[in-house]
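Below: one structure, written as structure tokens.
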Amino acid sequence: MQRAEKQTVDLAGSPPEKPSTERIQRNLALLEAALYVAGRPLDLNELCSVLKTRSKNKTKKFIKILASEYADRNTALEILELKDERYVLQLKAEYTPLVKRLVNRPLLSTGPLKTLSYIAYRQPISQKRVVDVRGHHVYSHIKLLKEMGLVVAERSGRSLVLRTSEYFADYFGLSHDLATMKRELANVFKDFAKQEKLSS
Amino acid sequence: MQRAEKQTVDLAGSPPEKPSTERIQRNLALLEAALYVAGRPLDLNELCSVLKTRSKNKTKKFIKILASEYADRNTALEILELKDERYVLQLKAEYTPLVKRLVNRPLLSTGPLKTLSYIAYRQPISQKRVVDVRGHHVYSHIKLLKEMGLVVAERSGRSLVLRTSEYFADYFGLSHDLATMKRELANVFKDFAKQEKLSS
Amino acid sequence: MASAVIKRPFYLRPPWNILFDFHKLEKLTPWNVNIAYLLSSFLEEMERSGQVDFRASGVALDSSALIYLMKSKLLLKLEEPPPPPKPPQDFLPPPLFLPLRHELTSTTIKHLLEVLDDVLRGEKLINLEKAVAEPILPTPSEILPQLDAFLVEIELQMERLYSYLSEKVKGTGIIEFSTLIKDAVRLDVIRTFILLLFLAQEGKVSLWQNEETEEIYVTIGELKIAESGKANS
């Protein structure tokens with residue numbers, strides 16, 4: 001708390017045109033704060049608004065410094081740049097199995113994740129079709145995915161049509177535009193298949 | 001970064017089992033991972049289990065190193081020691097107002113939140129009573145609330161008694177002491193009840 | 001040579017031999033056999049050659065029946081319901097990896113209170129419903145099941161009581177109700193009385209009561225009258 005007070009005093013006294021070390025530190029901290037609370041990829045516009053600047057270049061410079069600091073630090077967290085200049089703070093994948101039991105929200109196991117993949121890939125898709133292809137056990141998956149806000153169901157005539165939510169797109173840093181998102185997903189799956197081949 | 005390295009090098013040179021720098025880094029990263037994904041205070045037992053050690057002293061040493069690294073780094077995040085040797089990784093309070101508009105995801109959807117509020121208001125309360133008042137669908141809510149660590153269930157004779165957890169208190173900024181927490185909750189609810197009476 | 005040819009009957013030659021070789025019969029594909037042709041040519045040949053042999057005809061008939069049976073079994077096999085449709089094939093993408101991210105959530109204690117309002121209103125409703133629905137008297141359903149079972153079995157019970165009575169009144173032709181219900185519980189007393197009323201209605205027993213002692217007397221004396229009446233009519 002004392003630290004914080006000192007910092008704001010320093011900031012208030014610093015000249016605007018010559019970014020002081022404190023000012024840089026402050027911007028980096030703001031970006032870190034934004035990424036930490038969001039828990040999803042943020043695009044450059046959102047990050048600009050946090051820094052209260054219109055300069056995407058400036059924001060990009062800061063976020064890249066922050067990402068490289070994280071990389072140098074070599075700890076459990078990483079800042080990744082996703083497609084379309086989106087950035088996300090997350091746990092490195094290798095740590096997931098070691099701490100996932102401490103997560104206070106339902107985590108999806110492989111079965112529901114497969115169902116999610118399939119819905120995402122084929123959306124909009126009727127619930128019936130998903131059940132036909134994946135089996136009757138997916139009713140529980142669909143319920144879980146809806147509860148977690150990853151999938152939404154809409155009534156269309158007599159059938160239920162499933163699609164992924166905006167939260168889903170945000171979570172994975174995918175486009176909100178359906179066609180684009182599907183293309184992005186197809187690439188994700190292709191990369192995955194490649195990795196599988198390499199590792200097997 | 002340099003500071004952190006210096007520190008770990010110091011440790012590496014210290015007796016008795018002479019842990020390697022990599023090993024120390026790994027332990028620090030594990031604790032960071034645990035605190036990051038939990039998003040709530042963890043006690044020493046939980047942290048010990050992450051390091052797969054029984055030595056609370058060893059774990060305490062590591063968590064203190066991690067906390068001081070965070071402090072030295074002077075970014076948006078901090079690791080604080082709370083009462084009863086509990087530790088939490090959190091956003092420094094001063095950053096909250098600057099980024100809170102990026103937070104738009106509710107803890108729970110309305111249904112489970114209603115069930116949680118009812119349990120909090122009437123606790124300790126039998127599961128049966130909650131089901132009677134709210135309907136059979138609340139079994140899934142209670143399951144979710146337990147999975148999220150917001151509610152704990154205790155067997156009392158032949159019935160299950162529900163009450164809110166310490167994590168619940170942490171989340172809503174209530175006291176960690178159970179008795180005080182209940183008093184605080186009671187006060188909040190009393191104020192609410194008064195308003196209710198006035199408005200009706 | 002010539003005698004050997006004469007000895008060997010014509011039907012052991014193709015094409016008729018398949019009707020007389022049981023080992024071949026079991027192995028052949030029944031659809032390849034034209035039974036009508038085989039049998040008619042067999043008869044023609046028998047007539048032509050003059051080698052009339054009823055045993056051979058019998059065997060030929062038996063074999064062709066067997067071939068028919070094989071054909072019809074195959075037909076039924078073909079008509080068995082088709083296997084359940086296999087799940088449609090589709091590209092199943094690999095499971096998405098969900099990276100762990102901390103995420104602040106927006107729910108505050110204020111939200112908790114807002115929804116609590118709703119829940120408590122629901123709680124009041126539940127209590128209200130309960131108060132209204134609280135039954136003062138036992139519901140009919142609590143009594144009816146026993147009564148139902150009794151009514152369903154009433155014919156049976158009447159028969160039982162009647163044969164019991166028939167045995168009891170053999171000597172005197174009369175029995176007191178009090179003797180009938182000796183040691184019986186109240187419910188059984190009532191049931192017995194109801195059964196007696198039913199029997200009396202059907203004319204199988206007669207009942208009358210002594211006005212002073214209130215004893216009810218039961219006889220099955222009228223039965224013979226009723227039966228003879230029936231027989232007469």
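This is a predicted model, so every value here is computed, not measured. By convention in this document, chain letters (A, B, ...) are assigned in the order of the sequence lines, proteins followed by strands, and residues within each chain are numbered from 1.
- Looking at A/L89, both its backbone and its side chain come within 4.5 Å of chain B, counting heavy atoms on both sides.
- Atom OG of B/S140 sits about 5.0 Å away from atom CD of A/E147, to the nearest 0.5 Å.
- Looking at A/R40 and B/L102, their side chains come closer than 4.5 Å, going by heavy atoms from C-beta outward.
- Going from atom CG of A/N74 over to atom CG of B/L28 covers 11.0 Å, rounded to the nearest 0.5 Å.
- Contact between A/R26 and B/L98 at its shortest, heavy atoms only, is NH2-CD1, 3.3 Å.
- Residue B/R105 comes nearest to A/M148 through the heavy atom pair NH2-O, 2.8 Å, listed as atom of the first residue, atom of the second, then distance.
- At most 12 non-hydrogen atoms from other residues, nucleotides or ligands lie less than 6.0 angstrom from CD of A/E166.
- Annotation: side chain of B/R101 is in contact with side chain of A/V50 (closest heavy-atom distance under 4.5 Å).
- Considering A/N104, A/V99, A/L107, A/T96 in turn, A/V99 is the only one that fulfils the side-chain contact (heavy atoms from CB on, under 4.5 Å) rule with B/V37.
- Residue A/L30 touches chain B through both its backbone and its side chain, counting heavy-atom pairs closer than 4.5 Å.
- Looking only at heavy-atom pairs under 4.5 Å with chain A, the residue among B/G149, B/A34, B/G39 that has the most is B/A34.
- Heavy atoms of A/L77 lying under 4.5 Å from chain B belong to its backbone as well as its side chain.
- Proximity to chain A is limited to the side chain of B/L42, based on heavy atoms less than 4.5 angstrom apart.
- Annotation: maximal heavy-atom pairing with chain B below 4.5 Å, among A/Q90, A/K92, A/E46, A/K100, occurs at A/Q90.
- The candidate with the highest count of non-hydrogen atom pairs below 4.5 Å against chain A, out of B/T75, B/L31, B/L66, is B/T75.
- The shortest distance between side-chain heavy atoms of A/R73 and B/R73 falls below 4.5 Å.
- Between B/A76 and A/A29, the closest heavy-atom pair is CB-O, 3.1 Å.
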